[in-house]
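Scope of the values below: all heavy atoms of this structure, side chains included, with no hydrogens, waters or symmetry mates. In the text below, chain A, chain B and the rest are named by the order of the sequence lines, each starting its count at 1. Since the model is a prediction, treat every value here as computed from it, not as a measurement.
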Amino acid sequence: AQSVTQPDIHITVSEGASLELRCNYSYGATPYLFWYVQSPGQGLQLLLKYFSGDTLVQGIKGFEAEFKRSQSSFNLRKPSVHWSDAAEYFCAVLKAAGNKLTFGGGTRVLVKP
Amino acid sequence: NAGVMQNPRHLVRRRGQEARLRCSPMKGHSHVYWYRQLPEEGLKFMVYLQKENIIDESGMPKERFSAEFPKEGPSILRIQQVVRGDSAAYFCASSPISGTGVFAKAKNIQYFGAGTRLSVL
């Protein structure tokens with residue numbers, strides 16, 4: 001069975017500093033990969049996705065993620081965080097032939113002034 | 001184009017009552033997915049439906065939970081005889097198409113609603 005691991009439950013970062021959120025997946029083939037963001041009391045918003053091709057993908061709000069097949073990772077990065085980036089971030093995997101998303105446990109990001 | 005609409009946003013039920021959660025997919029979407037988010041946890045898949053068909057219910061609890069997506073109207077997630085452990089946020093997502101193929105890949109994206117937060121007293 002596939003699984004998604006987000007090793008960091010909480011991350012605190014200063015405004016203006018860089019941010020990297022880790023995501024590792026376990027799956028026999030390359031799945032489709034997603035990052036979603038959830039603001040408090042809200043639904044999930046898609047930040048970016050990887051299906052194939054260029055392993056560095058750009059998303060909304062200045063986020064990017066890099067797919068590394070050798071490490072089964074899909075880490076999310078942002079060069080300079082804003083206070084509005086405080087939220088919970090979820091990495092998710094979709095089997096190429098399936099339809100259900102498998103989510104990681106999430107990483108809660110706190111932004112210090 | 002309105003997004004995925006879920007209602008109610010908040011639902012309070014006493015133990016033993018029924019909870020009905022509604023989800024209207026985005027216009028043009030015919031695939032609906034339900035996920036549950038327990039406190040301090042990630043989202044877990046429950047069920048995947050197309051119009052009038054349940055495609056995958058592998059994540060649904062065996063008892064008290066059911067889902068439907070009729071030809072007309074929203075998808076409904078129904079929880080009978082709720083218990084405190086059912087308290088969670090329930091999210092619906094929709095997608096326009098699923099399956100393989102170059103163009104299908106680009107559309108195999110699930111768009112989420114704002115969720116229904118169920119509290120069982």
Practice problem: Under the salt bridge (charged side-chain N to carboxylate O under 4.0 Å, His left out) rule, collect the residues that match up with A:Glu15, sequence neighbours excluded. | Solution: none
Quiz prompt | hydrophobic_cluster_shared for B:Tyr48 and B:Met26, side chain cutoff 4.5 Å | solution = yes
Quiz item: Can A:Leu101 be reached from B:Val47 by stepping across I, L, V, M, F, W or Y side chains whose heavy atoms are under 4.5 Å apart?
Solution: no
Quiz item: For the residue pair B:Tyr35 and A:Phe103, is the inter-centroid distance of their aromatic rings smaller than 6.0 Å?
Solution: yes
Rounded to the nearest 0.5 Å, how far apart are [atom1] of [X] and [atom2] of [Y]?
{"X": "A:Thr102", "Y": "B:Phe45", "atom1": "OG1", "atom2": "CZ", "value": "9.0 Å"}
{"X": "A:Gln38", "Y": "B:Leu43", "atom1": "CD", "atom2": "CG", "value": "6.5 Å"}
{"X": "A:Gln42", "Y": "B:Arg9", "atom1": "CD", "atom2": "CZ", "value": "5.5 Å"}
{"X": "A:Tyr36", "Y": "B:Tyr111", "atom1": "OH", "atom2": "OH", "value": "8.0 Å"}

Quiz item: Which atoms of A:Leu46 come close to chain B, meaning under 4.5 Å heavy atom to heavy atom: side chain ones, backbone ones, both, or neither?
Solution: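 Side chain only.
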Quiz prompt | Least distance between heavy atoms, B:Gln37 atom then A:Phe90 atom | solution =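 It is NE2-CZ, 3.4 Å.
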More than 12 heavy atoms from other groups under 6.0 Å of [atom1] on [X]:
{"X": "A:Lys112", "atom1": "NZ", "result": "no"}
{"X": "B:Glu18", "atom1": "CD", "result": "yes"}
{"X": "B:Ile54", "atom1": "CD1", "result": "yes"}

